[in-house]
Amino acid sequence: MRKPILIANWKMNGSLHANQALLVRMLAKLRPFRKTIDMVICPPFPYLFQVRDLLGYTGLSLGSQNASSAVSGAHTGEVSATMLQEMGCRYVLVGHSERRSLYQESNANVAARHKQVLATDMTPVLCVGETLEEREQGQTMTVIERQLQAVIDASGLEGLSSSIIAYEPVWAIGTGKTATPEQVYEIHRAIREFLDTRQAGTGQSVSVVYGGSVKSGNAAELFQSPEVDGGLIGGASLQADEFALITAALADTVAEAGSLCGMLD
Ligand code: PEP
């Protein structure tokens, strides 16, 4: 059974003071949802320690925005997966589109980072998605399948299926443009079908979340499909009230799905 999950990606934002204020407000508002939804906060590296302490025993998890493809050694500016685990991280984003486009992380490089995360007890959150140009050329699933296959090549299907997959259309990240619920449904289904072509049944075992300009005003419709297991939230995760409303929207869809199942039993 896949548990719904929301992952807050703070990107390169925050300060000691701002993080504390945001989390104090956020944690109070998120308390009612802790049992139904897994929640993860991914701050910038220097704040991992602070956020870990503030999360304490709240039930929320700590995540990292990236991990090195190397184990250790002469890799100035990189942070290894084992260091992140030691800091208390339970999840690591890999292949975020900003890393792929601004820092030239190729599919093979992302797969190598993913492999390092897998070698720990942490869960990789593999971000995949197409640019607007690729979508307009009808290349969406070709691009995503290449991104998924690179991880299969490096870590096998088992490695990929031990991950969370975040479908994040590049054109929807930080732009205010959101994919329609139909587009999200279609791609989440196609990702599961791709996994099933590799091994029947794998598609339904993997959590697939959506990211791209999710806000309180569109969360309910984006999360309504049973194909969507939650969200990767950027900008809106920097506002306690917005993030709490998004969480409430996800909790509502979970409760609705539960009562529908009850009616069918
Ligand atoms: C992200 O950073 O992964 C993201 C989805 O950002 P935003 O919600 O701001 O589009």
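Order of listing sets the numbers, starting from 1, for every ligand and every atom in it.
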N or O pair under 3.5 Å between [X] and ligand 1:
X	answer
G235	yes
E98	no
H96	yes
G234	yes
G174	yes

At less than 4.0 angstrom from any non-hydrogen atom of [X], what atoms of ligand 1 do you find?
X	result
N9	1 (C), 2 (O), 3 (O)
G212	5 (C), 10 (O)
L232	3 (O), 5 (C)
G211	5 (C)

Considering the options V128, L93, N9, I173, which one meets the side-chain contact (heavy atoms from CB on, under 4.5 Å) requirement together with E168?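 Going through V128, L93, N9, I173 one by one, the side-chain contact (heavy atoms from CB on, under 4.5 Å) with E168 is satisfied by I173 alone.
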Geometric class of the H188/Y167 ring pair [parallel <30°, tilted 30-60°, perpendicular >60°]: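 Correct class here is perpendicular.
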Where is the nearest protein heavy atom to atom 5 (C) of ligand 1: which residue, which atom, and how far?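 Answer, as residue, atom name and distance: E168 OE2, 3.0 Å.
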State if A236 counts as touching ligand 1 under the rule of any non-hydrogen atom under 4.0 Å.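 The answer is no, since A236 has no heavy atom less than 4.0 Å from ligand 1.
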A172 near ligand 1 by a heavy-atom separation under 4.0 Å: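 The answer is yes: ligand 1 sits under 4.0 Å from a heavy atom of A172.
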Is V24 linked to V40 within one hydrophobic cluster, defined over Ile, Leu, Val, Met, Phe, Trp and Tyr using a side-chain heavy-atom separation of less than 4.5 Å?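 V24 does not cluster with V40.
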L160-M122 co-clustered via ILVMFWY side chain contacts under 4.5 Å: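 Yes.
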Atom OG of S69 and atom NZ of K115: how far apart are they, to the nearest 0.5 Å?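 Going from the OG atom of S69 to the NZ atom of K115 covers 12.0 Å.
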Side chains of R198 and Q149, heavy atoms from C-beta outward: is any pair under 4.5 Å?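 SC-SC contact between R198 and Q149 confirmed.
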Worked verdict on Y91 versus D38 for side-chain contact (heavy atoms from CB on, under 4.5 Å): CA-CA 11 Å; Y91 297 86; D38 282 338; 4.2 Å; yes
At their closest point, which heavy atom of L62 faces which heavy atom of L55, and how far apart are they?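 Here L62 and L55 meet closest at N-CD1, 4.0 Å.
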